[in-house]
Structures are given as structure tokens and as C-alpha cells.
Amino acid sequence: MENKKEPGMTLIVKTITRLTVGLILLYGIYIVLHGHLTPGGGFAGGVIIALSFVHLMLAFGRETALKKLSQTKASILESLGALMFLSVALLGFLGGFFFFNFFAQKGTPFDLFSAGIIPLCNIAICLKVGAGLFAIFVALILFKNLKKKE
Amino acid sequence: MELYLLLLFMILAAIVAVEINDLLSSVIAVGAVGLGLCLTFLILKAPDLAITQLVVEILSLIILIRATIKKDLPLVRDGRWLFNTLSTLLFIGFFLIFAWFALKELPEFGRPIMRISKEYIEKGLQKTGATNLVSAIILDFRGYDTLGEATVLFTAVMGVLAVIRMIGRINGK
């Protein structure tokens, strides 16, 4: 079983990662979507989602993770998150001022679809933070490899 | 009581992180400080902050170990340690004296609740419909602040990508 060409860590780590990485991603999405009900929110959930991709990259090597989410895509997602947050804020002018909570009915408390613009803002911040931190991680790793080739 | 034990542990870990010679051990000691801070937030009943601190600490540890630990960082350990130690102690003393005078004047922690935050606590649920009050404050009442933070993070990511990609292209030629 000597296979030095295969990137990443050993078989044990890869098997465990295959089982856990989906759970970590799901937990991040749960934290983001329930940000207005339970502790957590866009920032923490976004970092957990970024950590699931980092986990994939540490275990399986660079190529597998970049196939799922390349650096260009991460940059685009990050800008998309920023634009979404800003446009939600600008849509508040429908009701009169910046960041106005423009939904007429706030919904019942402890419901998933409640609290007006707050879940939308959480999703935007999650996109921004998760994609941004993953892009920084990828950039640092790629830079290190480029320097080694020199 | 647990709070003081945790604070003592964090101070000891910080001293270890500064003084130890091995870079990897230093990074691990910094991680110990961060996880102690996470437990402190839990004891002070701030679960939002505790979750964020935990995940950011893990991500920054991974980035430190994986991406920067292999670089050769020169350690500056020249003489004049007597002067350095004495000036450090002097400034710590100054800081403690002024902090004593300043902290004596402060009102007790969390009491009285200020006028604006009282309104947030009383009417937050009925005005925004969000049961997590922290979320309601940072995304609705204080949306401007969150927009500023998002801008800071955006600028930081763009800066890192721009600087690193420039060097990568020159090397690639």
C-alpha cells in the first residue's frame, strides 16, 4: 500500500473525513439559518462552513478541495455576499431609511421564517465570511507552494 | 472562582507563548489562551461570543500552523535585557496605577442599564421579531456597525489576495 504519489494524509484520516465533513457543513448551515433564534449567527456559521472546506483540503490535498470550490469561485461568492448585504440595507429605503426592517409582518417568534431582514443579513454575512476566509487560506497555501518550486 | 483560575491559566499560557523558543510550541500556547478565552465567555454567559471565538481560534491556529510555521523567522535575542526588563516593569507599574484610579470611578458592571440598551432589551423582540437579542442588535439596531465590519473584512481579503497574487505571477514567469 505504498502510494507516495497520492496527496493528503493517511487512509484513516481520509475515511474519518469522508464521514464528518458533511456533518460539519450541515452544522454550519444550521447555525446560519437559526442565527435569529439561537446563539450563533452569520459570522460563526460562515467560519464553520469555511472550516469544512479547510478540513477537506487538509485531508485530501489541494486539488480535491479546489475542485469543490476554486479560489475564483470563492472570491466571486465573497463579493456576492457583500453586495447582498448592501442591497438588503439599501432596500430599507422602501420603508424610509437605511437598514429599515421592511417586512410588514415579523412572523411569530421562534419560527424559522421570522424576524424580517435578519435571516437575509445572516446569509449574506455567512457567504462573505466563509468564502473570504477560505480564499485567504487557499492564497497562503498556494503562495507557499509557489515559493518552494523556485 | 473558575473565572480567576481561567484568567491565571491564560496569563501563564501567554507568558509561555512569549518566552518559549520553539515556534510550534508558541503557537500551541496561543491556542490555549484562545480556548481559555472561549471558556471565559461561556462562564460570563455570552454563548454567541463563545461560539465565534472557538471557531475563529481553530481557523487561525490551522492557518498559523499550516501556512506560516515553515518560514524562517529570525529571533532577536541581543543584550540589554536588564534595560528591557526594567522599562517593561516600569510601564506595567504606570499602567496599573492609572488603571486603579480609572477603574475606581466606573459604575458597577451592568448596573445601571443605560437608557438605549434598556430599550433594546425591553422592545427588541416586539420590534424585530428575532428571539436572539444579539442578532437583533447587530443586524437591525446596529446595522451600520456590522456594515463597517463587513467592509473591513472585505478590504482585508482583497488586500491579501492582491499582494499574494502579484508575487505569484512574477514567480510564475
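For clarity, every value in this text was computed on a predicted model and none was experimentally measured. We use all heavy atoms of the structure for the numbers below, so side chains are in, but hydrogens, waters and symmetry mates are not. Chain naming here is simple, since letters A, B, ... match the order of the sequence lines and numbering starts at 1 in each.
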Answer whether the closest heavy-atom distance between the side chains of T146(B) and C121(A) falls below 4.5 Å. no
Are L37(B) and L35(B) co-members of a hydrophobic cluster defined by side-chain heavy atoms under 4.5 Å apart? no
Should the heavy atoms of other residues, nucleotides or ligands under 6.0 Å from CZ of F9(B) be counted, would the total exceed 12? no
Once rounded to the nearest 0.5 Å, what's the spacing between atom NZ of K128(A) and atom OG1 of T151(B)? 7.5 Å
If you define the side chain from C-beta out and look only at heavy atoms, does anything of I58(B) sit under 4.5 Å from V47(A)? no
What's the separation between atom CG in D48(B) and atom OG1 in T38(A), rounded to the nearest 0.5 Å? 8.5 Å
Does CG belonging to L96(B) count more than 12 external heavy atoms closer than 6.0 Å? yes
Chain B: which of L58(A), I125(A), I31(A) shares the most heavy-atom pairs with it under 4.5 Å? L58(A)
Within this structure, what is the CD1-CG distance for the pair I138(B) and N122(A), rounded to the nearest 0.5 Å? 7.0 Å
Check: V55(B) and F43(A) side chains under 4.5 Å, non-hydrogen atoms: no
Do you reckon V138(A) sits in the same ILVMFWY cluster as V160(B), going by side-chain contacts under 4.5 Å, direct or chained? yes
Proximity breakdown for L37(A) and chain B, heavy-atom pairs closer than 4.5 Å: both
May I have the step-by-step check of side chain to side chain contact (heavy atoms under 4.5 Å, CB included) for I118(A) and N132(B), ending in yes or no? CA-CA 10 Å; I118(A) 291 179; N132(B) 183 4; over 6 Å; no
Counting C-beta onward and ignoring hydrogens, is there a side-chain heavy-atom pair between P39(A) and V134(B) closer than 4.5 Å? no
Result of checking V129(A), L133(A), I136(A) against V157(B) for side chain to side chain contact (heavy atoms under 4.5 Å, CB included): I136(A)
Chain A neighbours within residues 88-95 of chain B, where any heavy atom lies under 4.5 Å away: none
Whether S135(B) side chain and G35(A) backbone form a donor-acceptor pair below 3.5 Å: yes
Please tell me if the side chains of L59(B) and F137(A) come closer than 4.5 Å, counting only heavy atoms from C-beta onward. no
Do F85(A) and L139(B) have side-chain heavy atoms sitting under 4.5 Å apart? yes
At what distance, to the nearest 0.5 angstrom, does CG of L133(B) lie from NE2 of H36(A)? 14.0 Å
CG of L83(A) to CZ of F154(B), rounded to nearest 0.5 Å, is 7.5 Å
